[in-house]
Colleague: 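I have a structure I would like to understand better, so I am pasting it below and will then ask my questions one at a time.
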Amino acid sequence: MENKRSEWSSNFGFIIASAGSAIGLGNIWKFPYMAGNNGGGAFVFVYLTLVMVVGFALILSEVALGRYTKQSALGAYSKINKHFKFIGYLNVLAAFFVLCTYNVLGSFIIGYVMEYLTSATFITTFTPEVFYDELVSSQSVILWQISFIFLTSIIVINGISGGIEKVSKICMPLLIVMFITIMVKCLSLPGSEKGVEFFLKPDFSKINLNLILDALGQVFFSLSLGMGVNITFGSYLNKESNIFKNSFLIPFIDTIVALIAGLTILPAVFAFGLNPEKGSSLIFVTLPTVFENMAFGNIFGFLFFLLIFFATITSSVAIFEVCTSSFMDKFNISRKLSVFIIALISLVVTLPAILSFSTLGHIEIFSYTIFEFFEILPTKYLLPLGGLLLCLVVGHTWGIRNVSIEVFGKRNLCFEIILGSLIKLIIPIGLIIVFVKQFV
Ligand code: PHE
């Protein structure tokens with residue numbers, strides 16, 4: 001296979017790129033609306049608990065598996081046992097669907113950024129609803145889609161330290177600074193404290209199985225679990241890096257950003273008396289309505305969509321990398337060719353998903369539109385399945401003791417007992433309940 005595998009320029013490079021992958025639409029678009037739909041604080045409480053237990057154990061296992069095998073998702077599983085090759089394929093398939101949904105949402109976000117940038121009258125000419133409806137069904141959205149895929153491809157072509165790592169090092173700090181600025185502004189709005197209370201004060205009576213399942217799905221999506229991202233990124237990690245520490249830091253940073261997003265969006269929505277239970281249109285329709293009514297709203301709107309754009313592109317690059325490196329490992333082709341092939345396929349497959357907002361809106365797959373199907377298939381099925389299979393492989397074939405040796409360079413009994421009970425028992429049982437629940 002490969003002799004010279006690329007590496008991160010430093011451990012910090014790995015952390016920032018992994019944070020770039022983890023911090024995405026999951027944090028900014030999904031987390032606040034899922035919290036909004038699931039009673040606020042109760043959801044946040046369950047989510048935080050699951051990140052600490054499930055998130056940490058699975059990230060650690062994926063990164064260790066990647067570094068040990070020095071292979072992307074496809075090669076990593078088959079290196080453990082050649083019968084496990086299909087798990088790698090499932091991972092890449094999940095990543096591909098997520099990539100297509102990112103292409104769609106990325107193109108909408110470029111549409112918003114351009115609108116805020118070029119027209120001072122955004123909000124006065126259209127209501128946000130009308131703008132959204134017109135954008136998603138316009139021809140220009142296809143142009144934005146091509147631009148988004150092109151930009152992602154250019155970054156991935158530049159490789160690990162020269163592309164992904166560099167872009168994350170620029171985008172992530174900017175994202176955090178812009179986000180904190182907007183959060184402070186939103187928290188200073190009169191009436192915002194109701195949103196803070198809604199978001200942070202758990203009403204434990206709201207916790208039920210559905211809420212737990214939603215939170216678990218969100219942990220998988222937000223930490224990019226079950227689709228080979230952390231395996232691939234781990235495979236570029238050198239032996240000196242501390243996997244244990246990294247596996248704390250990445251979920252920690254990701255969760256901070258999700259909390260900032262919740263503390264920005266929900267207080268603003270409450271301050272203007274809008275409904276937080278607006279589902280996926282929370283950032284595309286509800287939030288622009290907030291900016292419309294705010295002093296300097298156009299500037300804040302522009303900054304907000306720019307930061308979402310940064311979050312989206314760094315995640316999309318990570319998912320693209322999973323597909324690219326799997327193709328490179330599998331077919332022994334150059335990075336350039338692999339990027340070209342993935343860009344082309346994803347362009348073609350994304351097109352019907354974009355058109356499902358307009359001309360292809362009548363087509364249904366299991367009663368979902370094409371876009372909804374692309375979004376739901378990985379989040380609800382493929383990622384938890386990837387997580388379950390990861391637990392089986394790590395717990396029963398590769399073995400917890402080998403994880404310990406990869407992570408610490410030696411056996412560590414206490415670590416093995418804790419990780420073993422999570423990976424062999426607690427997490428698989430949770431994931432099996434998820435599956436049973438999806439089908440009954
Ligand atoms: N974790 C990203 C988010 O929260 C989504 C993602 C999934 C990114 C898989 C990369 C790979 O939005």
Side-chain angles (χ1 to χ4, degrees), residues 14-35 47 50-51 54-55 58-59 62-63 66 72-73 90-106 108-109 148 152 155-156 164 167-168 171-172 175 179 214-235 250-262 265 280 282-283 307-326 342 346 374-387 390:
F14 165 76
I15 291 180
I16 197 115
S18 301
S21 142
I23 298 167
L25 292 166
N27 306 59
I28 305 172
W29 172 63
K30 267 191 167 175
F31 184 74
Y33 91 65
M34 287 193 110
Y47 179 83
L50 289 174
V51 166
V54 181
L58 291 185
I59 279 223
E62 287 199 346
V63 175
S72 60
L90 269 179
N91 276 203
V92 177
L93 187 71
F96 185 75
F97 278 109
V98 177
L99 180 65
C100 294
T101 56
Y102 258 74
N103 288 342
V104 174
L105 296 167
F108 295 172
I109 290 162
F148 188 77
T152 309
I155 300 170
V156 178
I164 299 177
V167 169
S168 303
C171 290
M172 283 297 112
L175 178 145
F179 221 163
D214 271 357
L216 189 66
Q218 176 63 12
V219 169
F220 268 83
F221 189 81
S222 196
L223 295 179
S224 319
L225 293 170
M227 64 183 110
V229 175
N230 305 296
I231 298 180
T232 308
F233 277 20
S235 75
I250 299 162
F252 179 76
I253 302 172
D254 183 69
T255 305
I256 295 282
V257 174
L259 293 177
I260 295 180
I265 295 172
S280 58
L282 195 59
I283 66 163
L307 83 84
I308 299 187
F309 175 73
F310 286 160
T312 310
I313 195 89
T314 47
S315 294
S316 150
V317 159
I319 319 168
F320 204 111
E321 174 64 26
V322 173
C323 304
T324 304
S325 72
S326 292
I342 308 283
S346 83
F374 279 21
E375 199 216 328
I376 283 167
L377 182 69
T379 325
K380 288 215 158 159
Y381 301 95
L382 297 178
L383 304 192
L385 181 62
L390 172 80

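Just so it is clear, the model here is predicted, and its values are computed rather than measured. As the structure lists them, so they are numbered: ligands from 1, and atoms in each ligand from 1. Positions are given from 1 along the sequence.
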Colleague: Quick check: does F221 get an N/O under 3.5 Å from an N/O on ligand 1?
Modeller: yes

Colleague: Nearest protein heavy-atom contact for atom 4 (O) of ligand 1: which residue, which atom, what distance?
Modeller: A22 O, 2.9 Å

Colleague: Would Y102 count as a contact of ligand 1 if the rule is a heavy atom under 4.0 Å away?
Modeller: yes

Colleague: Let me confirm one number: the CD1-CZ distance from I15 to F233, rounded to the nearest 0.5 Å.
Modeller: 13.0 Å

Colleague: Just need the protein heavy atom nearest to atom 7 (C) of ligand 1, so name the residue and atom and give the distance.
Modeller: M227 CE, 3.4 Å

Colleague: Mind checking whether G26 has an N or O less than 3.5 Å away from an N or O of ligand 1?
Modeller: yes

Colleague: Got the closest protein heavy atom to atom 10 (C) of ligand 1, with its distance?
Modeller: I319 CG1, 3.2 Å

Colleague: Which heavy-atom pair separates S21 from S224 by the least distance, and what is that distance?
Modeller: OG-OG, 3.1 Å

Colleague: Return the closest protein heavy atom for atom 8 (C) of ligand 1 as residue, atom name and distance.
Modeller: S21 O, 3.3 Å

Colleague: Might you point out which heavy atoms bring L225 and L383 nearest each other, and give the distance in Å?
Modeller: O-CD2, 3.7 Å

Colleague: Short list, please: which atoms of ligand 1 are under 4.0 Å from a heavy atom of N27?
Modeller: 4 (O)

Colleague: Please report the closest heavy-atom contact between P251 and L223, naming both atoms and the distance.
Modeller: CA-CD2, 3.7 Å

Colleague: Could you measure the distance from the CD1 atom of I16 to the OG1 atom of T314? Nearest 0.5 Å is fine.
Modeller: 9.5 Å

Colleague: For a quick test of reading the model, state the closest non-hydrogen atom pair linking I250 to I59 and the distance between them.
Modeller: CG2-CD1, 4.2 Å

Colleague: Would you mind running through ligand 1 and noting each atom that sits below 4.0 Å from a heavy atom of L25?
Modeller: 12 (O)

Colleague: Starting from atom 6 (C) of ligand 1, locate the nearest protein heavy atom and write down its residue, its atom name and how far away it is, to 0.1 Å.
Modeller: S224 OG, 3.6 Å

Colleague: For T232 and A73, which heavy atoms make the closest approach, and how far apart are they?
Modeller: OG1-N, 3.8 Å

